[in-house]
Amino acid sequence: MNKQELIAAVADQTGLARNDAAKAVESLIETIIAQLKKGEEVRMVGFGNFSVSRRKASVGRNPRTGEPMNIKATSQPKFRPGKVLKDSVN
């Protein structure tokens with residue numbers, strides 16, 4: 001399912017106009033992104049948790065030359081599914 005199909009499904013299930021459903025889906029995504037940028041966690045009980053994992057800077061090796069290279073510290077978004085979601089899939 002892609003984003004457009006998700007919007008169509010939300011519109012069908014809620015009875016909203018497709019335009020309103022698109023706004024709702026976009027707003028949800030933008031809100032989650034904004035909270036993750038602030039370093040906050042987004043918890044949806046039963047569905048799962050969105051969080052940010054921080055990776056420290058490290059030294060790696062260039063695969064072609066074998067020379068050491070610096071790898072910058074990064075932040076990675078993470079999703080941990082909730083119990084209800086896990087149980088419904090299994």
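Remember, it's a predicted structure, so these values are computed and weren't measured experimentally.
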Any link between Leu6 and Ile33 through a network of hydrophobic side chains (Ile, Leu, Val, Met, Phe, Trp, Tyr) touching at under 4.5 Å? yes

Taking the side chain as every heavy atom from C-beta outward, state whether Val59 and Asn70 have any atom pair closer than 4.5 Å. yes

Can you give me every donor-acceptor pair (side chain of residues 81-90, partner residue at least two apart or in another chain, under 3.5 Å) with its distance?
{"residue": "Lys83", "atom": "NZ", "partner": "Asp87", "partner atom": "OD2", "Å": "2.9"}
{"residue": "Ser88", "atom": "OG", "partner": "Val84", "partner atom": "O", "Å": "3.2"}
{"residue": "Ser88", "atom": "OG", "partner": "Leu85", "partner atom": "O", "Å": "2.9"}
{"residue": "Asn90", "atom": "ND2", "partner": "Lys86", "partner atom": "O", "Å": "3.2"}

Show me the side-chain donor-acceptor pairs of residues 8-23 shorter than 3.5 Å, one per line, residues at least two apart or across chains.
{"residue": "Thr14", "atom": "OG1", "partner": "Val10", "partner atom": "O", "Å": "2.7"}
{"residue": "Thr14", "atom": "OG1", "partner": "Leu16", "partner atom": "N", "Å": "3.3"}

Report yes if the side chains of Val42 and Asn49 come closer than 4.5 Å at any heavy-atom pair, otherwise no. no

Considering non-hydrogen atoms only, spot the tightest contact between Glu40 and Leu36 and give its length. O-CD2, 3.5 Å

Report whether Ile32 and Phe47 are members of the same hydrophobic cluster (ILVMFWY, side-chain heavy atoms less than 4.5 Å apart, transitive linking). yes

Cluster link Met44 to Ile29, ILVMFWY, side chain under 4.5 Å: no

Would you call Lys3 and Glu5 a salt bridge, taking side-chain N to carboxylate O under 4.0 Å as the test? no

Under 3.5 Å: donor-acceptor pair, side chain of Glu30, backbone of Ser27: no

Please tabulate, for the side chains in residues 50-58, all donor-acceptor contacts under 3.5 angstrom to protein atoms that are two or more places apart in sequence or on a different chain.
none

